[in-house]
**Student:** 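The following block contains the structure, expressed as structure tokens.
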Amino acid sequence: MVKSEPHKYSWQQFLKDGQTFWDGVRNYQARNNLSTMKTDDLALFYHSNEGMEVVGIARVIREAYPDPTTDDARWVAVDLVPHHTLKKSVTLVDIKNEPMLAQIGLIRQGRLSVMPLRAEEFDKIVEMGS
DNA sequence: GCCAACGTTGGC
DNA sequence: GCCAACGTTGGC
């Protein structure tokens, strides 16, 4: 799952662009999670702050490479394309109300901007959004 | 706009 | 290497 503040970079903008590079991660844990993403992996796209909901699914088309927006070699970016827009967004409230999802990173560690999801958690959210 | 959670920085 | 101070994120 990746998070973005909609006023900074929204799902709608992502759809319009057709592709984006996921940069600007400046947190080691988030960076490590980014690094584990492989080509063709799917990632839920979450709007933080405004909306607070999962709005779509993105697909990785390029695995972690050095973040082009900084000279600092520690940081990486990945390239994403939109894969699927959820029929209805899954809100943070929905997720909190689903016992099976109570332990996901989104709840446990709110500040983390990139986090892993187990396959069944991913599937559950997708199911709730369709 | 406030505040809690948490990561990072810097003094010792 | 510890810990206090500070900054940032994100939910409410």
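We name chains A, B, ... by the order of the sequence lines, and we start the count at 1 in each one.
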**Student:** When A/W22 is tested against each of A/V114, A/V60, A/D67 for side chain to side chain contact (heavy atoms under 4.5 Å, CB included), which residue passes?
**Tutor:**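 The passing option is A/V114.
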**Student:** Mind calculating the distance between CG (A/D94) and C1' (C/dG11) to the nearest angstrom?
**Tutor:**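 Rounding to the nearest Å, CG of A/D94 and C1' of C/dG11 are 16 Å apart.
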**Student:** Compare every heavy atom of A/H47 with every heavy atom of A/S10, then report the nearest pair and how far apart it is.
**Tutor:**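 Scanning both residues completely, I find the closest heavy atoms to be CA-NE2, 3.6 Å.
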**Student:** So which of residues 25-32 of chain A are in contact with DNA chain B, with a heavy-atom cut-off of under 4.0 Å?
**Tutor:**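 The answer is A/N27, A/Y28, A/Q29.
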**Student:** Rounded to whole angstroms, how far apart are CD1 on A/I95 and C1' on C/dG10?
**Tutor:**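 Taking CD1 of A/I95 and C1' of C/dG10, I get 14 Å after rounding.
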**Student:** Could you list by number each residue of residues 105-114 of chain A showing a heavy-atom separation from DNA chain C of less than 4.0 Å, or answer none if no residue does?
**Tutor:**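 By residue number: A/G110, A/R111.
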**Student:** Answer yes when A/E127 and A/K124 have at least one side-chain N-carboxylate O distance shorter than 4.0 Å, and no when they do not.
**Tutor:**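 The answer is yes: the pair qualifies as a salt bridge.
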**Student:** If only atom types and distance count, is the side chain of A/E121 paired as donor or acceptor with the main-chain N or O of A/R118 below 3.5 Å?
**Tutor:**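 Yes, A/E121 side chain to A/R118 backbone: donor-acceptor pair under 3.5 Å.
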**Student:** Just the rounded figure in Å: distance from P of C/dG10 to CD of A/E50.
**Tutor:**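 These atoms are roughly 12 Å apart.
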**Student:** Would you say A/K3's side chain and A/G110's backbone share a donor-acceptor pair under 3.5 angstrom?
**Tutor:**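 Yes; at least one donor-acceptor contact below 3.5 Å.
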**Student:** Any luck finding a side-chain donor-acceptor pair between A/D94 and A/T91 under 3.5 Å?
**Tutor:**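 There is such a pair (donor and acceptor under 3.5 Å, judged by atom type) between the side chains of A/D94 and A/T91.
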**Student:** Would you please indicate if the ring centroids of A/Y28 and A/W75 are separated by under 6.0 Å?
**Tutor:**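 Judged by ring-centre distance (under 6.0 Å), A/Y28 and A/W75 do meet the cut-off.
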**Student:** Roughly how many Å is it from NZ in A/K3 to P in C/dT8, rounded to a whole number?
**Tutor:**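 Whole-Å distance recorded here is 17 Å.
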**Student:** Reckon A/K96 touches a base, only the sugar-phosphate, or nothing at all at heavy-atom distances under 4.0 Å?
**Tutor:**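 Sugar-phosphate only.
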**Student:** For A/N49 and B/dC2, give me the distance from atom CG to atom P, rounded to whole Å.
**Tutor:**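 Those two atoms, CG and P, are 16 Å apart.
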**Student:** May I ask you to check whether over 12 heavy atoms, not counting those of A/D71, lie within 6.0 Å of atom CG?
**Tutor:**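 No, CG of A/D71 has 12 or fewer neighbouring heavy atoms, counting only those of other groups under 6.0 Å.
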**Student:** Rounded off to whole Å, could you give me the NE2-to-C1' distance for the A/H47 and C/dT9 pair?
**Tutor:**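 Rounded to the whole Å, the gap is 17 Å.
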